[in-house]
Protein chains: 4
Amino acid sequence: MRKNNGDKRELILQAAKKVFAENGYHQSSITQIASVAGIGDGTIYNYFQNKEHILQTLFHETIYNQFVPGLQQALEPYQDARFMLLEIVRYHFHFFQSDPEAARVIQIESRQSIQRVREAMRPGIRSYARIIDATINQGMEQQLFVSDIPVRVSRKMIFGTLDEIVTNWVLSSKDYSLLTSVEPAFRLLLNALTNTNKNPFRNE
Amino acid sequence: MRKNNGDKRELILQAAKKVFAENGYHQSSITQIASVAGIGDGTIYNYFQNKEHILQTLFHETIYNQFVPGLQQALEPYQDARFMLLEIVRYHFHFFQSDPEAARVIQIESRQSIQRVREAMRPGIRSYARIIDATINQGMEQQLFVSDIPVRVSRKMIFGTLDEIVTNWVLSSKDYSLLTSVEPAFRLLLNALTNTNKNPFRNE
Amino acid sequence: MRKNNGDKRELILQAAKKVFAENGYHQSSITQIASVAGIGDGTIYNYFQNKEHILQTLFHETIYNQFVPGLQQALEPYQDARFMLLEIVRYHFHFFQSDPEAARVIQIESRQSIQRVREAMRPGIRSYARIIDATINQGMEQQLFVSDIPVRVSRKMIFGTLDEIVTNWVLSSKDYSLLTSVEPAFRLLLNALTNTNKNPFRNE
Amino acid sequence: MRKNNGDKRELILQAAKKVFAENGYHQSSITQIASVAGIGDGTIYNYFQNKEHILQTLFHETIYNQFVPGLQQALEPYQDARFMLLEIVRYHFHFFQSDPEAARVIQIESRQSIQRVREAMRPGIRSYARIIDATINQGMEQQLFVSDIPVRVSRKMIFGTLDEIVTNWVLSSKDYSLLTSVEPAFRLLLNALTNTNKNPFRNE
DNA sequence: CATGAATGAGAGTTCATTCAT
DNA sequence: TATGAATGAACTCTCATTCAT
């Protein structure tokens, strides 16, 4: 049975993920991707408008179609914002650890200054942001989290922290498990969000 | 009297910063940089080995020669780790706010998958990391900061948070001041490092 | 049906031969070659790794694949080393006369100081040298040629003489036939190799 | 005392000889030559019109001003054309052996297909040719040399043979003395010019 | 005369994209 | 739909030559 279109499209995406992860977007050529996919160069253009479009799609499908839905599902069981935060941390690390190539492409290659690539990233990023925001808001409603910090800033802290830890891991030899960072990262973030210090410079 | 090397070299770096910030490294050409600098293409090669070398130098000079020394000086007056943390936050935001082009290049272009570029960044990044680590350690010695979180993780949180906030600002229309984020970001980070949730899931 | 590789490759080689013959290797550009071949610049790189490789191939194909096999065939009928020497002279002049562009490239451009080019020529040159050496040895076995001169030196005389005559012709207006030199050159070389003078400085 | 013009001109020529011999004409840069000469790039243009002109001059001075006069002087004592031929062989090999860098430039680098370079070579070559021709003519008048071969062809044999031997030596590791070739080369050439094979294919 | 920083034309080469098959 | 040879714009980089000092 001949491969259907869906398969071939996916084939190209997987090949591109591999090649981008290995060499970087600008150092990768269409010929390389086609070669890894075992197809002709021209065939790629039946499925993607251009090279840039592959990267856009790769990002969009990974974040918007995989990461975010998976996270939503993973959060469903929880009500307590603290548990939800823990799950976000765990899920984030787990996701990228289980697909290091995707991690590399997302963390490194998508940070291109190409405007169109950034725009393709936006819906996925925004969905993720909304989930984090909802969690923070819920924590505030549950009077578990500080309420005098703009949600936006808290969210950037959460995302920035997770992102930084993953990026460091991606660029390392990856000989340690990302999951060992779940606990300390969670505790830091929970600390940050938990309201107790009225006067930060108190000397009690 | 002839322009000395320092002048011309600096001229090229400034032009490159501008062009890289506007178009991104890979989308920038030597001809563009030369044109902005008001010099001939070939002149650039009297001062830099190649295009990559310009980017490397830009990073190194900005982080290692400007950012880090400035931060060290800014931290000198302080003893209390909490004040030092505040100064780190303030300085970080202030630095990039006052040179948005540098910010763009540092925040975005540094995410290159070119190994040599990453390596050129390393000394600067590591110096910065050492300063943050020293601050955290000092806070722990002063029994101000929690001591049961690996310094490495705390540092990544701090850096990741600041980085994320700056990146968002850089990619935005920049119509708000980064300095408005000093307070909330500091409070979050201080909370993270000072709060103690012995039992994070307690329901008191 | 699409042109096959052989055609396009040959097309490029012929164009390069023409252009190199006219301007010399270093004064020839890829664009000129492509233009003469009636193809795009980039196409050349589908068949040759780089400009140097074209020159190497040109040498190799001309000497190793054309000149030497043709000479071997031409020598087959002969047993007497003197007839073989005559045929070498005749064939050498005939070959280059019938392809003056090849002659020019071989005679002039081969004097490149580029090591890789020299190395590409070696197999062809060595094959030719072996044929000449075999002829000389045969003449000595047949007691027709002097046996107290190193074969190596005799071969250099033969090759040097033919080469010099061709080079002069190539650089001239080529308004005379190389073949007029067959007889005198042959007679000189045969004289040189024929053993009769015991005392070179005799005054008989 | 400051170096006078003659010195500096000579300095440049010597530097160029060295650099050309080492890297080849096209692979050598003005900057390299200036550097070896210990002067500024621009200074070279006070003494030579351009890079090509240096090569032309180098050739001209070496052959026309050094090689040829030296040969004329070396030939003076001799009357017998055979001794003159011997001296030509000896002198030719001696000259290039004692200045291998000159040899390399003359044998290899001057064989460029640049028309103007070839033209600059002509007077020197022609002078040398005239000396060889005179020697051959003298030998014929003295009834020592065969008179039924065009002088032009004999001269090409002589020059081609010597040239080929020197070229091979230049391109070799030069671990043998060129002078070992004096005797066999001379004997071959003398044979060529003196033997008489009225019927070359006789079976006596 | 001497300098060497500045120049810019021109080189070789790459590679995303097209399109005839 | 699949192909991959062909393309040529665009790139980085070199270096002979100039000229203000």
Side-chain angles (χ1 to χ4, degrees), chain A residues 2-5 8 26-35 37-54, chain B residues 1-5 7-9 12 26-35 37-54, chain C residues 1-5 7-9 12 26-35 37-54, chain D residues 2-5 8 26-35 37-54:
Chain A
R2 207 160 55 70
K3 277 172 185 174
N4 63 33
N5 288 358
K8 187 141 313 171
H26 280 105
Q27 287 75 43
S28 301
S29 73
I30 289 289
T31 300
Q32 274 176 78
I33 296 170
S35 160
I39 59 173
D41 290 23
T43 306
I44 288 180
Y45 289 85
N46 289 332
Y47 297 90
F48 298 94
Q49 295 153 26
N50 50 40
K51 187 181 164 190
E52 207 178 283
H53 189 212
I54 303 175
Chain B
M1 204 180 65
R2 204 164 37 71
K3 273 180 187 173
N4 64 33
N5 287 359
D7 283 348
K8 189 71 54 85
R9 196 186 120 101
I12 294 168
H26 280 107
Q27 286 74 42
S28 302
S29 74
I30 289 290
T31 302
Q32 276 175 75
I33 296 171
S35 160
I39 59 174
D41 289 25
T43 306
I44 288 179
Y45 291 87
N46 288 338
Y47 296 91
F48 299 95
Q49 295 153 24
N50 50 42
K51 187 182 162 187
E52 205 178 286
H53 189 214
I54 304 175
Chain C
M1 201 181 67
R2 204 165 35 73
K3 273 180 185 172
N4 65 33
N5 287 358
D7 283 349
K8 188 70 56 84
R9 196 185 119 101
I12 294 168
H26 280 105
Q27 287 74 41
S28 302
S29 74
I30 290 289
T31 301
Q32 276 176 76
I33 297 171
S35 160
I39 60 174
D41 289 24
T43 305
I44 289 180
Y45 290 87
N46 289 338
Y47 296 91
F48 300 94
Q49 295 153 24
N50 50 42
K51 187 182 164 189
E52 206 177 288
H53 189 214
I54 304 176
Chain D
R2 209 161 53 71
K3 279 174 183 172
N4 63 34
N5 288 358
K8 187 142 311 170
H26 280 105
Q27 287 75 42
S28 302
S29 71
I30 290 288
T31 300
Q32 274 174 78
I33 296 170
S35 160
I39 58 173
D41 289 25
T43 307
I44 289 180
Y45 288 86
N46 289 331
Y47 296 91
F48 299 94
Q49 296 153 25
N50 50 41
K51 186 182 165 188
E52 209 176 284
H53 188 214
I54 303 175

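In the text below, chain A, chain B and the rest are named by the order of the sequence lines, each starting its count at 1.
- The shortest non-hydrogen separation linking D41(A) to A34(A) is OD1-CB, 3.5 Å.
- A straight line from CD of Q27(D) to P of dT14(F) spans 14 Å, rounded to a whole angstrom.
- Across the strands present, dA20(E) finds its partner in dT3(F); the criterion is a Watson-Crick or G-U wobble pair with both atom distances under 3.5 angstrom.
- In this structure, dA11(E) and dT12(F) make a Watson-Crick or G-U wobble pair, each of the two defining distances being under 3.5 angstrom.
- R9(B) places its CZ atom 18 Å from the C1' atom of dA6(E), with the value rounded to the nearest Å.
- What separates NE2 of H26(D) from P of dA11(E) is a distance of 12 Å, to the nearest Å.
- Taking the six-membered ring where tryptophan is involved, the planes of F48(C) and H53(C) are perpendicular, since the angle between them exceeds 60° and thus also 30°.
- Checking dA5(E), dA2(E), dT13(E) against every side-chain atom of N46(B), the shortest atom distance belongs to dA5(E).
- The residue among G38(A) and K51(D) whose nearest nucleotide of DNA chain F lies closer to the 5′ end is G38(A).
- The shortest non-hydrogen separation linking I12(C) to I33(C) is O-CG2, 4.2 Å.
- In this structure, the CD1 atom of I12(B) is 14 Å from the P atom of dC13(F), given to the nearest Å.
- Following rounding to the nearest Å, N50(C) (CG) and dA11(E) (P) show an atom-to-atom distance of 17 Å.
- Taking atom NE2 on H53(B) and atom C1' on dC13(F), their separation rounds to 15 Å, with Å as the unit.
- Rounding to the nearest 0.5 Å places OH of Y47(C) at 5.0 Å from NZ of K8(C).
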Output one line per pair: protein atom, nucleotide atom from nucleotides 18-20 of chain F, and distance, for all N/O pairs under 3.5 Å.
none

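- The nearest whole Å value for the distance from the CD atom in E52(C) to the C1' atom in dT13(E) is 14 Å.
- To the nearest 0.5 Å, atom CG of residue N46(C) and atom CZ of residue R9(C) are 13.0 Å apart.
- Residues H26(B) and H26(A) share a closest heavy-atom pair of ND1-ND1, 2.9 Å.
- Backbone-only engagement by I30(B) is indicated by non-hydrogen atom pairs under 4.0 Å involving sugar-phosphate atoms exclusively.
- Look at the P atom in both dC1(E) and dT21(F): the space between them is 22 Å, to the nearest Å.
- If you check every strand for non-hydrogen atoms under 4.0 Å, I44(B) touches nothing.
- Backbone-only engagement by S28(A) is indicated by non-hydrogen atom pairs under 4.0 Å involving sugar-phosphate atoms exclusively.
- What you find for N50(A) and Y45(A) is that their closest heavy atoms are CA-CE2, 3.9 Å.
- Put simply, Y47(D) has no side-chain N or O that comes within less than 4.0 Å of OP1 or OP2 on dC1(E).
- The nearest whole Å value for the distance from the CG atom in D7(B) to the P atom in dA6(E) is 10 Å.
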